[in-house]
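Note: hydrogens, waters and symmetry copies are ignored here, and every other heavy atom, side chains too, is used. Predicted model only: the values in this text are computed from it and were never measured. As the structure lists them, so they are numbered: ligands from 1, and atoms in each ligand from 1.
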Amino acid sequence: MKVLLTGGTGFIGSHAAVRLIELGHDVEILDNLVNSKVEVLDKIKEITGVKPGFHQVDLLDYEAVREVFKDGGYDLVIHFAGLKAVGESVEKPLLYYENNIEGTINLLKCMRESGVKKIIFSSSATVYGDTGETKFTEEMPVGVKISNPYGKTKYMIEEILRDEAVADEDLEVVILRYFNPIGAHESGLLGEDPNDIPNNLMPIIMKVARGEIKELKIYGDDYETVDGTGVRDYIHVVDLVDGHLAAIKKMKPGVLVYNLGTGRGTSVLEMVKMFEKASGEKLPYEIVGRREGDLGEVIANADKAKKELDWTALRTIEDAMRDTLNYLSQN
Ligand code: NAD
Ligand code: UDP
């Protein structure tokens with residue numbers, strides 16, 4: 001297939017590009033490089049032997065996106081592009097609504113105009129909101145009590161996709177709700193390399209380990225969890241990408257929704273201990289107050305993807321830590 005990856009130079013998109021190329025697909029990337037670097041294309045080539053076609057285009061630039069689609073001949077779009085910093089989205093909601101939602105609308109308009117009928121969308125566990133649940137199935141309500149604009153954009157895009165699929169009955173949509181992607185490519189060439197200060201746990205742990213941040217601030221130890229610290233479902237980025245490959249095989253007209261997680265929860269303190277074991281170094285940390293909008297425990301029920309996609313996450317958090325350390329030692 002000829003596949004367009006929006007956001008394909010980013011953390012998850014770049015790993016997807018590698019896997020798709022390895023399977024023999026013809027991959028092109030559209031990215032404005034707001035949170036990634038053009039060198040990623042050479043890294044993809046180093047791993048696969050193929051440099052994907054690249055369009056440095058902003059999804060907000062409708063005419064430029066149209067140009068990409070004009071001669072594209074794409075069979076499938078995987079839509080990774082978006083801004084994803086939760087805290088920033090609270091400070092700059094309009095930036096997030098504009099970038100993520102308007103960008104998606106432009107993309108869907110161009111897909112429509114050029115007859116592209118398949119799209120996979122990177123959604124997030126945040127769409128489940130603060131319902132008091134800790135383990136989430138795809139059937140649970142979404143869109144209620146979402147604590148930040150970033151999560152709301154994901155929910156709204158899901159709704160837009162559902163409406164588009166009603167209006168165009170040939171459209172094939174897969175919504176993938178990612179839990180907490182971590183790790184890096186085993187080659188050490190690709191990993192998470194945000195242009196800004198990171199706000200996710202793993203990149204922060206790595207910055208503390210490199211001495212770029214003095215200590216990890218653990219946001220709260222009074223949750224109703226195994227040790228009081230926040231519990232999340234961390235999934236290796238390569239497993240996550242394999243979930244996309246499994247979903248491609250099942251695409252059909254209409255909307256399919258899957259959680260991509262491991263079904264297992266790990267606390268912040270457990271993550272610290274695992275990191276210390278993997279690196280052989282002490283990780284300085286301090287317990288501070290809860291982070292605004294945080295939930296205590298968020299774990300995927302990943303049974304639906306296992307049953308319908310025949311996919312399950314195979315790699316461990318230790319694998320992810322080893323791969324991340326390897327990536328950092330080379331970059
Ligand atoms: P990332 O920031 O590494 O990659 C996103 C890419 O999109 C970047 O390369 C960025 O330059 C590009 N981009 C942003 N706005 C754009 C625009 N207007 N036009 C063109 N390109 C644009 O993030 P990631 O971790 O790879 O995440 C990929 C997707 O998965 C995002 O949609 C994110 O919201 C979603 N997601 C990520 C996580 C996570 O923890 N990493 C969790 C759930 C969902
Ligand atoms: N976390 C933390 N300190 C940090 C960053 C994150 O204690 O500097 C905790 C956070 O409270 C949550 C877990 O680590 O319990 C994962 O946070 P992240 O931001 O990576 O993912 P999300 O909260 O979006 O699931």
Side-chain angles (χ1 to χ4, degrees), residues 5-16 29-38 40 55-61 64-65 68 78-87 89 95-96 98-104 106-107 121-127 147-148 150-151 153-154 157 176-183 190-205 207-208 213 215-221 223 225 229-235 237 240-241 244 260-261 265-269 271-272 285-299:
L5 307 183
T6 73
T9 39
F11 171 44
I12 302 167
S14 58
H15 289 81
I29 288 174
L30 180 159
D31 203 300
N32 65 355
L33 302 178
V34 68
N35 198 36
S36 54
K37 298 183 179 70
V38 75
V40 164
H55 308 272
Q56 186 174 346
V57 164
D58 190 324
L59 282 175
L60 295 180
D61 185 347
V65 182
V68 173
I78 309 186
H79 182 28
F80 296 104
L83 296 175
K84 62 163 186 177
V86 171
S89 81
L95 174 71
Y96 274 68
E98 182 179 49
N99 189 77
N100 293 2
I101 296 180
E102 194 178 323
T104 303
N106 285 342
L107 177 68
F121 171 59
S122 303
S123 190
S124 160
T126 55
V127 299
S147 59
N148 58 79
Y150 162 72
T153 69
K154 292 291 174 192
I157 294 168
L176 298 177
R177 295 182 181 145
Y178 306 162
F179 280 67
N180 291 66
I182 57 170
L190 295 175
E192 193 167 8
D193 186 17
N195 286 350
D196 279 332
I197 304 157
N199 55 52
N200 290 112
L201 182 62
M202 266 293 266
I204 290 175
I205 286 181
K207 288 224 174 241
V208 175
I213 298 177
E215 60 189 2
L216 169 68
K217 296 205 181 320
I218 297 185
Y219 298 135
D221 65 350
Y223 287 105
T225 59
T229 64
V231 167
R232 294 292 184 272
D233 184 338
Y234 297 95
I235 174 169
V237 61
L240 185 86
V241 163
H244 295 63
L260 294 184
T266 306
S267 76
V268 180
L269 277 175
M271 289 292 276
V272 169
Y285 68 82
E286 183 198 0
I287 311 272
V288 298
R290 291 183 178 191
R291 182 169 66 177
E292 180 107 33
D294 254 3
L295 302 182
E297 189 157 314
V298 182
I299 304 172

When you measure from [atom] to each heavy atom in [options], which option holds the nearest one?
{"atom": "atom 11 (O) of ligand 1", "options": "Thr9, Asp31, Thr6", "value": "Asp31"}
{"atom": "atom 35 (C) of ligand 1", "options": "Pro203, Ala64, Ser122", "value": "Ser122"}
{"atom": "atom 43 (C) of ligand 1", "options": "Phe80, Tyr178, Phe121", "value": "Tyr178"}

Contact partition for Arg290 relative to ligand 2, non-hydrogen atoms under 4.0 Å: neither

Relative to the heavy atoms of Ser123, which atoms of ligand 1 are at a distance of less than 4.0 Å? 43 (C), 44 (C)

At a 4.0 Å threshold, what atoms of ligand 1 neighbour a non-hydrogen atom of Val57? 19 (N), 20 (C)

Run the contact test for [X] against ligand 1 with a 4.0 Å cut-off on heavy atoms, strictly below, and give the result.
{"X": "Gly103", "value": "no"}
{"X": "Thr126", "value": "no"}
{"X": "Lys154", "value": "yes"}

What atoms of ligand 2 come within less than 4.0 Å of a heavy atom belonging to [X]?
{"X": "Asn199", "value": "5 (C), 19 (O)"}
{"X": "Gly230", "value": "15 (O)"}
{"X": "Ile218", "value": "7 (O)"}
{"X": "Lys217", "value": "2 (C), 3 (N), 4 (C), 7 (O), 8 (O)"}
{"X": "Asp294", "value": "10 (C), 11 (O), 23 (O)"}

Would you name the heavy atoms of Asn100 and Ile157 that are closest together and state the gap between them? O-CD1, 3.4 Å

Given 3.5 Å as the limit, does a donor-acceptor pair link the side chain of Ser14 with the main chain of Phe11, or not? yes

Donor-acceptor pair, distance only, cut-off 3.5 Å: does the side chain of Lys37 make one with the backbone of Thr9? no

Report the part of Asn99 (side chain from C-beta onward, or backbone N, CA, C, O) that has a heavy atom under 4.0 Å from ligand 1; answer both or neither where that applies. side chain

Check whether any side-chain heavy atom of Tyr219 lies under 4.5 Å from a side-chain heavy atom of Val288, and answer yes or no. yes

Polar proximity ligand 1 side, [X] side, N/O cut 3.5 Å exclusive:
{"X": "Ser36", "answer": "yes"}
{"X": "Ile12", "answer": "yes"}
{"X": "Leu60", "answer": "no"}
{"X": "Asn32", "answer": "yes"}
{"X": "His79", "answer": "no"}
{"X": "Phe11", "answer": "yes"}

Starting from atom 33 (C) of ligand 1, which protein heavy atom do you reach first, and at what distance in Å? Tyr150 OH, 3.7 Å

Measure the distances from the heavy atoms of [X] to every atom of ligand 2 and state whether one is below 4.0 angstrom.
{"X": "Tyr234", "result": "yes"}
{"X": "Asn180", "result": "yes"}
{"X": "Val268", "result": "yes"}

Has Glu102 got more than 12 heavy atoms of other residues, nucleotides or ligands less than 6.0 Å from its CD? yes

